[in-house]
Trainee: 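Quick one: this structure, given as structure tokens, is what I'll be asking you about.
Lettering of chains follows the sequences in order, A, B, ..., and the numbering in each one begins at 1.
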Protein chains: 2
Amino acid sequence: MIKPPTRIQQRNRAAILSAGLDVFSQFGFRGATLDLIADAAGLSKPNLLYYFPSKESIHTALLEQLLDTWLDPLKALDGTGDPIKEIMAYAQRKLAMSRDYPRESRLWANEILQGAPRIEDILKDDLKALVDEKAQIIKAWADDGKIADIDPHHLIFSIWAFTQHYADFDVQVRAVLGNKDPYDGASVFLDTLYAKLLQP
Amino acid sequence: MIKPPTRIQQRNRAAILSAGLDVFSQFGFRGATLDLIADAAGLSKPNLLYYFPSKESIHTALLEQLLDTWLDPLKALDGTGDPIKEIMAYAQRKLAMSRDYPRESRLWANEILQGAPRIEDILKDDLKALVDEKAQIIKAWADDGKIADIDPHHLIFSIWAFTQHYADFDVQVRAVLGNKDPYDGASVFLDTLYAKLLQP
DNA sequence: CTTGCATTTGACCAACTGGTCAAAACAACG
DNA sequence: CGTTGTTTTGACCAGTTGGTCAAATGCAAG
């Protein structure tokens, strides 16, 4: 029989996951240490291992939790909506994710940079399937002359690249802009960019 | 008096730097180990430390070597040339860098992801100065009505983001495209994107 | 207060880490 | 060949790493 988690369990598991997100997203899997995570979570190392059996298991839990959040904005792209509005709304949702979940974006980036050893299958199955499905919708719009005739896959890549850049390269963006908040400017630029690109 | 490096020194230093590039770009500074680098270079660990005094020194050497290569394409943007051609040529140079030097791109990405502790000053000084200078050129073009009126800084970010995406997220891009070469499609897309965006 | 379970901890371990060192092997040159 | 400087190596070290364990503490219900 399964027992419901106590308040302490909920609090500590959440603290560990948040600490793990901090550490893994900054140092990658190999560069992260249990000591760093335990310190950030305010627990002793053996105590941390009472809640998660291994370093790997914390990382896996984070990645699983991330996956849904990460794919949601694209899933919401609606083939029956107004083409240009749909794509631009998707791009804005993605940009908002970078602003609101920068650690998650960097965790993902780290994982891919390291060759995605732990999620390669997911990329090749789930992600590819989802992207292919949405790419077909976009292609249909292009064929109907409702948007400009561009390669749907590279369109999606360009949205990922541009929006995630503000989370993953945050330090660099802020260094160049002199610490001004980048997101207002980015949002305006994003609108201009895709409005012009998609115009049939 | 300075002695010229022997053939062996040249060969081994080059092998170490190449191995270091492999390992640092995949695992980040903390995740990289001297054993991994030594193995990849085909040397024993003490032998490796005969050529570089520390792990840090290998990393520093790589970063210094990278900096010039990395900023060159932007430096070559010429204020006296044809505006749209200049910007599009810059974007294509950047894309070619991702294709030809993916490890360097990932080394840079790793460094920024980790908060750029070792190059923050360079970003705030040299990089910011260079970008500001080129941004002013672009702004002048926009003011003269030679290109569309867009934010020059975010234009540059969009070029960085899109082109580097193909090196840094290589595994993901190939997983989604089913292992087709992405660069031809990316190059075409890049041309379309900026041609439409910059049109006054 | 006591019993039983959940939680926390200090001490510990083997493997790995960055780095040192003296001695050995090698290369070049007269 | 011998000598001299360069290159390579095995053995080693102290600190860190992921992880274990038995014992101690906290806590809630009867």
Side-chain angles (χ1 to χ4, degrees), chain A residues 1-64 107 110-111 114 117-118, chain B residues 1-64 107 110-111 114 117-118:
Chain A
M1 84 175 206
I2 296 168
K3 292 177 191 172
T6 67
R7 256 160 259 111
I8 293 177
Q9 277 168 12
Q10 280 183 291
R11 174 170 51 81
N12 282 348
R13 282 186 60 98
I16 291 168
L17 288 175
S18 175
L21 190 52
D22 278 340
V23 176
F24 282 125
S25 69
Q26 202 178 40
F27 299 113
F29 184 77
R30 283 199 53 118
T33 73
L34 289 180
D35 287 304
L36 279 171
I37 299 172
D39 279 359
L43 299 173
S44 67
K45 190 168 58 168
N47 199 180
L48 184 151
L49 288 162
Y50 171 72
Y51 291 99
F52 288 87
S54 67
K55 178 181 172 181
E56 183 95 36
S57 68
I58 304 175
H59 192 253
T60 305
L62 281 168
L63 240 37
E64 276 171 12
L107 180 70
N110 250 307
E111 189 62 16
Q114 312 201 348
R118 281 162 272 270
Chain B
M1 87 174 205
I2 296 168
K3 292 176 191 175
T6 67
R7 253 160 260 111
I8 294 178
Q9 277 167 12
Q10 279 183 290
R11 173 172 50 79
N12 282 347
R13 282 188 59 99
I16 292 168
L17 287 176
S18 175
L21 190 53
D22 278 340
V23 176
F24 282 125
S25 69
Q26 201 179 36
F27 298 112
F29 184 78
R30 285 200 50 123
T33 73
L34 289 180
D35 286 304
L36 279 171
I37 300 172
D39 279 358
L43 299 172
S44 67
K45 189 167 58 167
N47 199 181
L48 183 152
L49 287 162
Y50 171 73
Y51 291 98
F52 288 88
S54 67
K55 178 182 171 181
E56 183 93 38
S57 67
I58 303 174
H59 192 252
T60 305
L62 282 168
L63 239 37
E64 277 171 10
L107 180 69
N110 250 306
E111 189 62 16
Q114 311 202 348
R118 281 162 272 271

Trainee: Using a cut-off of strictly less than 4.0 Å between a heavy atom of the residue and any atom of DNA chain D, enumerate the qualifying residues of residues 14-27 of chain A by number.
Mentor: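 DNA chain D contact set from residues 14-27 of chain A: none.
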
Trainee: Tell me the closest heavy-atom pair linking B:Ser54 and B:Ser57, and the distance in Å.
Mentor: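 For B:Ser54 versus B:Ser57, the nearest heavy atoms are O-OG, 2.6 Å.
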
Trainee: My understanding is that only residues two or more places apart in sequence, or in another chain, count here; which of them pass salt bridge (Lys or Arg N to Asp or Glu O under 4.0 Å) with A:Glu56?
Mentor: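 Applying salt bridge (Lys or Arg N to Asp or Glu O under 4.0 Å) to A:Glu56 gives A:Arg118.
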
Trainee: Roughly how far, to the nearest 0.5 Å, is the CD atom of B:Glu111 from the CZ atom of B:Phe29?
Mentor: 9.0 Å

Trainee: Is any side-chain N or O of B:Thr6 closer than 4.0 Å to OP1 or OP2 of C:dA27?
Mentor: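 So the side chain of B:Thr6 is outside the cut-off, no N or O lying under 4.0 Å from OP1 or OP2 of C:dA27.
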
Trainee: Does anything in residues 31-59 of chain A reach DNA chain D, meaning a heavy atom under 4.0 Å, and if so which residues?
Mentor: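 Listed by number, they are A:Ala32, A:Thr33, A:Leu34, A:Asp35, A:Lys45, A:Pro46, A:Leu49, A:Ser54, A:Lys55.
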
Trainee: Where is the tightest heavy-atom contact between A:Gln114 and A:Asn110, given as atom of each residue plus distance?
Mentor: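 Heavy atoms of A:Gln114 and A:Asn110 come nearest at CG-O, 2.8 Å.
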
Trainee: Enumerate all atom pairs, one protein N or O and one N or O from nucleotides 24-30 of chain D, separated by less than 3.5 Å.
Mentor:
none

Trainee: Output yes when at least one side-chain N/O atom of B:Gln9 is less than 4.0 Å from OP1 or OP2 of D:dT7, else no.
Mentor: yes

Trainee: Calculate, to the nearest 0.5 Å, the distance between atoms CZ and OG1 belonging to B:Phe52 and B:Thr60 respectively.
Mentor: 10.0 Å

Trainee: Would you please confirm or rule out a distance under 4.0 Å between OP1 or OP2 of D:dT16 and any side-chain N or O of B:Arg30?
Mentor: no

Trainee: First locate atom CD1 of A:Ile37, then atom CG of A:Leu48, and finally report the distance between them rounded to the nearest 0.5 Å.
Mentor: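 Spacing of CD1 (A:Ile37) from CG (A:Leu48) equals 6.5 Å.
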
Trainee: Please table the atom pairs, donor to acceptor, closer than 3.5 Å between any side-chain atom in residues 11-27 of chain A and protein atoms at least two apart or in another chain.
Mentor:
| residue | atom | partner | partner atom | Å |
| --- | --- | --- | --- | --- |
| A:Asn12 | ND2 | A:Tyr51 | OH | 2.9 |
| A:Ser18 | OG | A:Arg103 | NH1 | 3.3 |
| A:Asp22 | OD1 | A:Arg103 | NH1 | 2.9 |
| A:Ser25 | OG | A:Leu21 | O | 2.6 |
| A:Ser25 | OG | A:Asp22 | O | 3.1 |

Trainee: Check whether any side-chain N or O of B:Asn12 sits under 4.0 Å from OP1 or OP2 of D:dT6, and answer yes or no.
Mentor: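 So the side chain of B:Asn12 is outside the cut-off, no N or O lying under 4.0 Å from OP1 or OP2 of D:dT6.
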
Trainee: Could you state the atom-to-atom distance from CZ of A:Arg13 to P of C:dA6 in whole Å?
Mentor: 15 Å

Trainee: Got a list of side-chain donor-acceptor pairs under 3.5 Å for residues 38-45 of chain A, not counting sequence neighbours?
Mentor:
| residue | atom | partner | partner atom | Å |
| --- | --- | --- | --- | --- |
| A:Ser44 | OG | A:Asn47 | N | 3.3 |

